[in-house]
2 protein chains.
Amino acid sequence: MARLEPMSTTTPCQRCALRALPIYRRLNEAELAFVEKFKIGEMEVQAGSDILLAGTHSAHLFTIYDGWCFRYDLMEDGGRQILSLLLPGDFIGLQTEMLGTMQHSVQSLTDVRLCVFSRERIWTIFERFPQLSFDLTWAAACGERTVEVALANVGRRPSFERLAALVMHLYRQLEGLRLVKDGTILWPLTQQHIADLLGLSTVHVNRVLRRLINSGLIRLDGRRLTVVDPGALAEIAGVDLEKPLRRPLI
Amino acid sequence: MARLEPMSTTTPCQRCALRALPIYRRLNEAELAFVEKFKIGEMEVQAGSDILLAGTHSAHLFTIYDGWCFRYDLMEDGGRQILSLLLPGDFIGLQTEMLGTMQHSVQSLTDVRLCVFSRERIWTIFERFPQLSFDLTWAAACGERTVEVALANVGRRPSFERLAALVMHLYRQLEGLRLVKDGTILWPLTQQHIADLLGLSTVHVNRVLRRLINSGLIRLDGRRLTVVDPGALAEIAGVDLEKPLRRPLI
DNA sequence: CCCGGTCCTTAACAAATGTTGTGGGCGATC
DNA sequence: GATCGCCCACAACATTTGTTAAGGACCGGG
């Protein structure tokens, strides 16, 4: 399970590096002050840890400050479907409040730093901060849309395009987070992860990934992936490169 | 496009038949009074009409009072992925408010009666009705979960089980709405619809549907489907029959 | 330094699913 | 009552994808 680290140096929300990004709405004084109190700490988790398990009632609400996670369902036959990847700024565990208990599990892909929020005080948001309430609904809508795009991708695109779309989806997200350097992004996904994201077998992922690399569209060394020609890849992926994608952040 | 009918007899929210169902939270006096004013009318739409189109900004917010709709994405190659089916009580167009413009389209499967709400006044909810704000987020979370289950189904189950899961999912939903009579439900879906829901070709849907019928697990005559042995089908589908599934309704 | 684990790679083969094409039923329309 | 369009059925064949199996690279622990 998640490992709780001694809280080295926690960042006050006012000086949060994430919040400064233009993709996020700027909070007003009162909101920011509330969020600061709403936040009860930070947590560090090793790569490959389960953060939340399906069927449980999460004690806390999290946002990712740094690192990658993924949400997944386990099937009766032991198979796994990854529902979405979670990047900095994304919520973890909001569903608990709404759905009573977690329907999916969440696991870290990299070492991760989480902001921890008090679940009791979430009601204060609805009672006293209309704009933040809206943002919560907004966040849920964004999350839903992400899964919808994944569904269309898995249901209606052949494996090559499907993989291309995954890469470009991540590329765009990370661009918004300023995590693309010279076309290169972190790539902590094993071929097993990709298979479970795209509804393929690992062997087939290997085939298709190799094809994508041989085509010269991407390069992959170790845990870094370079998109050689984003325009061309976006074309294949059927993804719109321009979209601005503003998102909420509590 | 949607056809606007002369408003024959609109139902006041206080006497809404849907609202009486135990799956829904009971609103208090103030909330109910507000919702009543929030609702600006009703609308009737013929089967097969587009209600909202991707890329547009919907003028209204709807809930389904009676009938079935579906949300879908069109792919570059003309393919279609159905993202979810919408049944009585479900929202249509909530995303517009959050995401700026509709990312998907919505079409009616049957003749449909919709409740129409004022989009401007949606802010009043966030400002003055914390519990209803919560319900909006809750609704979004429910919608997301539905898509997630569909994704896992498409990504990780073979076609036979996949179809079984679709049938049982609907069966359970309709049960909550009291729309199951002697194991029989309405079945307005063509094989094309099923294909676009499950990420299959129509030919393959035909094969699998035939197999499901021949196995004696379901019967299908015209536009009615009978689940002969819900327990057995749920077993194959990998679906939990018991789950209570309470949901929000504005 | 060896060992076991995880991840990647590839091949040969098997199975699931897609494609193309043809025909029949049936209801709406002229 | 002809005709058109939509939906369903089914066959033959093509293709994609899955399965099983085997080996290599790498890494951390004993």
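Note on naming: letters A, B, ... go to the chains in the order of the sequence lines (proteins, then strands), and numbering restarts at 1 for each one. The structure presented is a predicted model; accordingly, all values stated were derived computationally and were not measured.
Open room surrounds CG on B:D182; 12 or fewer heavy atoms of other groups in view lie less than 6.0 Å from it. Under a cut-off of 6.0 angstrom, the local environment of CD in A:E235 is sparse, with at most 12 non-hydrogen atoms contributed by other residues, nucleotides or ligands.
Considering only residues two or more places apart in sequence or on other chains, A:H193 meets the ring-ring contact (aromatic ring centres under 6.0 Å, His included) condition with A:F70. Under the rule for a side chain to side chain donor-acceptor pair (under 3.5 Å), the partners of A:R207 that lie at least two apart in sequence or sit in another chain are A:H204. Every ring-ring contact (aromatic ring centres under 6.0 Å, His included) that B:F117 has, sequence neighbours left out, goes to B:F38. The side chain to side chain donor-acceptor pair (under 3.5 Å) search around B:Y65 returns none, not counting sequence neighbours. With sequence neighbours left out, the side chain to side chain donor-acceptor pair (under 3.5 Å) criterion links A:H60 to no other residue. Partners of B:T110 by side chain to side chain donor-acceptor pair (under 3.5 Å), not counting sequence neighbours: none found.
Along DNA chain D, read 5' to 3', the first and last nucleotides having any atom under 4.0 Å from a heavy atom of chain A are D:dT17 to D:dT20.
Of all the residues in residues 192-201 of chain B, B:G199, B:L200, B:S201 reach under 4.0 Å from DNA chain C with at least one non-hydrogen atom. The stretch residues 204-218 of chain B touches DNA chain D through B:N206, B:R207, B:R210, each having a heavy atom within less than 4.0 Å of the strand. Residues from residues 67-81 of chain A with heavy atoms under 4.0 angstrom of DNA chain C: there are none.
Comparing the helix axis at one end of the helix from C:dC1-D:dG30 to C:dC30-D:dG1 with that at the other, each defined from 5 consecutive pairs, gives an inter-axis angle of 30° (nearest 10°).
Within the structure, salt bridge (charged side-chain N to carboxylate O under 4.0 Å, His left out) contacts touching residues 210-225 of chain A (residues at least two apart or in different chains) do not occur.
Between B:E148 and the options A:R71, A:Q103, A:E148, a side chain to side chain contact (heavy atoms under 4.5 Å, CB included) holds for only A:R71.
With values rounded to the nearest 0.5 angstrom, B:I92 atom CD1 is found 5.5 Å from B:L86 atom CG. Annotation: the span from B:I23 atom CD1 to B:L18 atom CG amounts to 8.0 Å, rounded to 0.5 Å. Rounded to the nearest 0.5 angstrom, A:S105 OG and A:I82 CD1 are separated by 11.5 Å.
When rounded to the nearest whole Å, the span between CD of B:Q191 and P of C:dG18 equals 14 Å.
Side chain of B:T202 to backbone of B:Q192: no donor-acceptor contact under 3.5 angstrom is found.
Closest-nucleotide positions on DNA chain C for A:R156 and A:T202 were compared, and the one nearer the 5' end corresponds to A:T202.
Note on A:D77 versus B:R156: no salt bridge recorded, every NZ/NE/NH1/NH2 to OD/OE distance being 4.0 Å or above.
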